[in-house]
Amino acid sequence: MTKEIPSRYNPEDTEDKWYSYWESHGFFHSKPDTREPYCIVIPPPNVTGVLHMGHMLNNTIQDVLVRRARMQGKNALWVPGTDHASIATEAKVVASLREKGIEKSSLTRDEFLRYAWEWKEKHGGIILQQLRKLGASCDWSRTKFTMDPDMYESVIDVFIDLYHKGLIYKGIRMINWDPEALTALSDEEVVYKDVQSTLYYVRYKVYGTEDEWITIATTRPETILGDTAICVHPEDERYQHLHGRKAIIPLIDRVVPIITDEYIDREFGTGCLKVTPAHDINDYNLGLKHKLDVVDIFNDNGTLNEKAILFVGEDRFEVRKKITEKLRQKGFLVKEEPYVNRIGFSERTDAVIEPRLSQQWFLNMKPLAKPALDVVMNDTIHFFPPKFKNTYKYWMENVKDWCISRQLWWGHRIPAYYLPNREVIVAKTPEEAYQIALKQYPELKDLRLEDLQQDEDVLDTWFSSWLWPISVFDGIRHPHNPDIEYYYPTSDLVTAPEILFFWVARMIMAGLEYRREIPFRNVYFTGIVRDKLGRKMSKQLGNSPDPIELIKKYSADGVRMGMLLTSPAGNDLPFDEALCEQGRNFANKIWNALRLVKGWEMDEKIPQPNYSATACKWFENRLNKSLQIVEDHFGKYRISDALMEVYRLMWDDFCSWLLEIVKPPFQQPIDKSTYQSVINFFDTLLRILHPFMPFITEEIWQHLRTRAENESIMLAPWPKIHEVDETMLNDFEFTREVIVNIRSLRQNHNISPKKILELYYNDSGQSHLSPNFESIIAKLTKVSKIEPFTANIENALTFIVKSTEFYIPAPQNFDLENERKKLQEELEYNERFLSSVETKLNNEGFRKNASPKVIENELRKKADAEARIQLLREKLDILKE
RNA sequence: AGGACCGUAGCUCAGGGGGAGAGCGCUUGCUUGACACGCAAGAGGUCAGGAGUUCAAAUCUCCUCGGUCCUACCA
């Protein structure tokens, strides 16, 4: 009748078994129906990626939310997918081609893309495969990729639409150039680091003088070749005489104006700035303002071009060394000093970013940002934790236009077509562009389709991810299809605060622009996973454990629990393997609880003992109390707190208390009523635990009762909360304290656990000992009788719970001195406590201002303390004799 | 430089004006007929420091010190 239960839980086999069971039965699949929808779209990981600890955390949380929603009877859908990560993927493909001896430059665009797709098919699915190991209940039939044909088309449609709305434009701007990847980067893709460098002081001769000089300070002497001005502060007394004059650039002898601007910091260096509008954003702005020439001296790859005159074809860092030497030789270098400055690096290639003037496509963000700011500030979208609203607000109010073009091949190619007359047409296909061109420019009579040249660039990856919650349901191309209308807006988004602007903000903008509706109701920001030293886990540092190895060691359930336990929303998560160990231990504990319960033999004839009946009633209430707490935690997205509550309920209340109370003596059967209650409780506990530890809960749930084929705990209903009888809980708490005291006395006085004792209590006050609980005390502490005491008992061990005094006649000589000491300490503590309460009560201000409830509470504290003090004194008196 | 958040037990964190909490770790004792990945009992805190508001402050306000993160970037 019962399946054989192995003595040891084997997670590896079990987890694979249940995952394929769930998947093959289509339990993850969702389609629109009449139920309330619950939907999460996965933050799409890179196709190039492998699972790291950040993913583990993020996806575990999503799975918890989805599984719970599913059990709550909602139509739950978790949409998986990946993004194409243009820079990272292209870099990987280029590298792998190079290993084969193929240079990207020798390939046509189409040839290269064939290789890229090949690479994607081979390596792109790893991370989604790994998510299955974690137990992720994604609807795999809906797996999306940002370059799927429908997704691709959505991106192109949006580009065209925004272009026609006048929000997308092409312009020359100072952008962040990655000379290694040979592409522009957005501001968000640049990471600044402190770098030890040198500040070079270089003197320029003042034009028209024999020996008059002006000295500037720079960290980039190589850019001297692109200088088009020298700038000083208009009020700087040192340079008044130079206003309106000119200076000669060393080595190349170009004559440039000396201009004045209040932008200059007089304190820095010499208070004199060389201006290179082509290679520095601030200089560029100065150049615009003062109408300076722009001399761009760099090639795409960071080497110098012929405009530099000197060092043509050499790398910028080589040139820095060489020009410094040359300036020194010719007496232009006045001094060098060490200097720490912040330098931008490419997030992807780690190359030093070159600020560069370039023609790029931009998206005007201001009109999109305003409504997106409002929905967050007025809590239409909730942020957890809410502190991120501040950061969001700041960014949205200071939003800059988004550079959306990238000089790459892997990605969504910009649908812009250039005509021979250098005009540009934005259209979905070359044919369409051709037709428009004919209409728009009748003068181009001989225009042929082949004359149109499509823009070479692709779009920033985020320009596809920002549509994710809409495009995964094909809601851009078909705004009224059943999926988008049913699942959108999605429920929760779980992501890292690092991509608040990259992604979250932009999704909100896109949602409002294309659906007139928010994309999700709640955003849960996870913490950043750090190592024990507080460093962010990263591939570069090599301080991140391999999640798959962790799962092998501790089981997926164990790792999930480890991730969840200390991860309050938005806080950093200092990861420690010990947490996974704790998860594994917990799994072992539940497993053994199953073995215990299923090992019992049930006998319908025997009556239910009083202790079991009472314990079951208590546990029923305890369970509901916990459910209330868990519900509250979930409502606040406090997942780790919710799990901890369940953990303690299962381990402490269920295993350590309930099971120990109802456990029948060795090889004796258990009564039917208790047995059924315990099985019911166990069933409920497993259901509450299932979202956190899906695998072992399924395994045990299937063992617990005979289940039909097609049944799964995944689909079992989330327990309903019933009312809680607080008196019951208080009574049990009192009982528990009595039991702990007795156990403690046994240990402190070396009384064998097997020795039978007697327990007497002082019945004079209002006793807190409820008769129903006496049988529990008797069972768990091996006392033979529990009675009110009548006469003084000599040689008794005593303890006090609330204001009831308990006596245990000592079976042997106990440590009198020790006992006296403990009583004395307790007495002193109580006296101190009483005096603090009395001070408060005697304070007239307190009696006048405090609420009656508080005063009543203080009076009760006083009465309790007085009673305890009296009892302690009496006991001490007896012991002194 | 500007802003946000945070300093509570050895560690990681809850709590948020009226009796200091949890998990892990630690100590002690246990072959307790489910579990040593365990059972039981314990120890451990001037709630960072200072001032103020209040009858009452870990909690509210201000200052100091320390930490984390975000934004901007000075040649």
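When reading the values below, keep in mind they use all heavy atoms of this one structure, side chains included, and skip hydrogens, waters and symmetry mates. Convention: sequence-line order gives letters A, B, ...; per-chain numbering from 1.
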Review point. Do the side-chain N or O atoms of Thr391(A) get closer than 4.0 angstrom to the phosphate oxygens (OP1, OP2) of C69(B)?
Key: no

Practice item. Give the minimum heavy-atom separation between Val597(A) and Val678(A), together with the two atoms involved. Key: CG2-CG1, 4.0 Å

Review point. Taking 4.0 angstrom as the limit, do Lys335(A) and Glu337(A) come out as a salt bridge?
Key: yes

**Study point:** Asn857(A) vs G19(B): side-chain N/O to OP1/OP2 distance below 4.0 Å
**Key:** no

Check your understanding: Out of A40(B), G33(B), G19(B), which has the shortest distance to the side chain of Tyr829(A)?
Key -> G19(B)

Review point. Hey, is the side chain of Lys589(A) poking within less than 4.0 Å of OP1 or OP2 on A34(B), counting only N and O atoms?
Key: no

Practice item. State whether Asn282(A) places a side-chain N or O below 4.0 Å from either non-bridging phosphate oxygen (OP1 or OP2) of A75(B). Key: no

**Study point:** Integer-rounded Å distance: C5(B) C1' and Phe388(A) CZ
**Key:** 9 Å

Practice item. Under 4.0 Å between any heavy atoms, over every strand shown, what does Arg638(A) touch: base, sugar-phosphate, or nothing? Just pick one. Key: sugar-phosphate

Check your understanding: Now, which nucleotide makes the Watson-Crick or G-U wobble pair with U59(B), with each of the two distances under 3.5 Å?
Key -> none

Study note, to complete from the structure: Against the side chain of Arg868(A), the closest entry in A75(B), G19(B), A34(B) is G19(B)

Check your understanding: Is Phe846(A) stacked on the base of A56(B), with ring centres under 5.5 Å apart and planes under 30° apart?
Key -> no

Exercise for review: May I ask you to say what Lys663(A) touches in the nucleic acid, namely base, sugar-phosphate or nothing, with a heavy-atom cut-off under 4.0 Å?
Suggested key: base

Practice item. Tell me whether the OP1 or OP2 atom of A75(B) has a side-chain N or O from Tyr339(A) closer than 4.0 Å. Key: yes

Review point. Paired with G7(B): which nucleotide, if any, by Watson-Crick or G-U wobble criteria at under 3.5 Å for both distances?
Key: C65(B)

Check your understanding: Would Lys840(A) and Glu858(A) pass as an ion pair if we require N to O under 4.0 Å?
Key -> yes

Revision key, fill the gap. Heavy-atom nearest nucleotide on RNA chain B taken for Ala865(A) and for Asp265(A); more 5' hit belongs to Ala865(A)

Review point. Is any side-chain N or O of Tyr263(A) closer than 4.0 Å to OP1 or OP2 of A75(B)?
Key: no

Review point. Is the shortest distance from a Lys or Arg side-chain nitrogen in Glu844(A) or Arg847(A) to a carboxylate oxygen in the other one below 4.0 Å?
Key: no

Check your understanding: Which base, if any, makes a Watson-Crick or G-U wobble pair with G25(B), both distances under 3.5 Å?
Key -> none

Check your understanding: Can a side chain N or O of Lys848(A) be found less than 4.0 Å away from OP1 or OP2 on C55(B)?
Key -> no

Review point. Is any side-chain N or O of Arg530(A) closer than 4.0 Å to OP1 or OP2 of C69(B)?
Key: yes

**Study point:** Touch class at under 4.0 angstrom, heavy-atom based, for Trp651(A) against every strand present
**Key:** sugar-phosphate

Review point. Quick one: on RNA chain B, does Glu581(A) or Asp576(A) contact a more 5' nucleotide (nearest heavy atom)?
Key: Asp576(A)

**Study point:** Under 4.0 angstrom between Ser744(A) side-chain N/O and G42(B) OP1 or OP2
**Key:** yes

**Study point:** Pair of N/O donor and acceptor under 3.5 Å linking A56(B) base with Glu858(A) side chain
**Key:** no

**Study point:** Base paired to C30(B) (Watson-Crick or G-U; both N/O distances under 3.5 angstrom)
**Key:** G38(B)

**Study point:** Distance, rounded to the nearest Å, where Phe525(A) contributes CZ and A4(B) contributes C1'
**Key:** 14 Å

Point to revise | Nucleotide forming a Watson-Crick or wobble pair with G2(B), both distances under 3.5 Å | key: C70(B)

**Study point:** Asn843(A) side-chain proximity, nearest of A75(B), C70(B), C55(B)
**Key:** C55(B)

Point to revise | Whole-Å C1' distance, G44(B) and A9(B) | key: 6 Å

Exercise for review: Determine the Euclidean distance between corresponding C1' atoms of C26(B) and G10(B); express it in Å to zero decimal places.
Suggested key: 8 Å

Review point. When rounded to the nearest Å, what value does the distance between P atoms of A48(B) and A58(B) take?
Key: 10 Å

Point to revise | Glu267(A), CD atom: more than 12 neighbouring heavy atoms under 6.0 Å | key: no

Practice item. Measure from NZ or CZ of Lys389(A) to the centre of the six-membered ring of Phe383(A), then state whether that distance is under 6.0 Å and the direction lies within 45° of the axis. Key: no

Practice item. Specify the separation, in whole Å, of atom CG of Leu579(A) and atom P of U12(B). Key: 11 Å

Point to revise | Options A75(B), C74(B), G23(B), nucleotide nearest the side-chain atoms of Asp280(A) | key: C74(B)

**Study point:** Watson-Crick or G-U wobble mate for U53(B), both contacts under 3.5 Å
**Key:** none

Practice item. For Tyr647(A), answer base if it contacts any base atom (sugar-phosphate contacts may also be present), sugar-phosphate if it contacts only those atoms, and nothing otherwise; contact means non-hydrogen atoms under 4.0 Å. Key: sugar-phosphate

**Study point:** Glu498(A) CD - C69(B) P separation (whole Å)
**Key:** 11 Å

Exercise for review: Would you kindly give the CG-to-C1' distance between Asn849(A) and G17(B), to the nearest whole Å?
Suggested key: 13 Å

Revision key, fill the gap. If pairing means Watson-Crick or G-U wobble with both distances under 3.5 Å, then the partner of G16(B) is none

Point to revise | Tyr204(A) and Asp227(A): side chain donor to acceptor below 3.5 Å | key: yes

**Study point:** Nucleotide nearest Glu660(A) when distance is taken to its side chain, options A34(B), G18(B), C5(B)
**Key:** A34(B)

Check your understanding: Just to confirm, is there a sub-4.0 Å distance from OP1 or OP2 of C73(B) to any side-chain nitrogen or oxygen of Arg342(A)?
Key -> no

Check your understanding: For A4(B), does OP1 or OP2 lie under 4.0 Å from any side-chain N or O of Asn390(A)?
Key -> no

Point to revise | Under-4.0 Å salt bridge between Asp632(A) and Lys636(A) | key: yes

Exercise for review: Looking at every strand, decide which applies to Pro753(A) at a 4.0 Å heavy-atom threshold: base, sugar-phosphate, or nothing.
Suggested key: nothing

Exercise for review: Could you check whether Ala850(A) gets within reach of a base, just the sugar-phosphate, or nothing at all, counting any heavy atom under 4.0 Å?
Suggested key: base

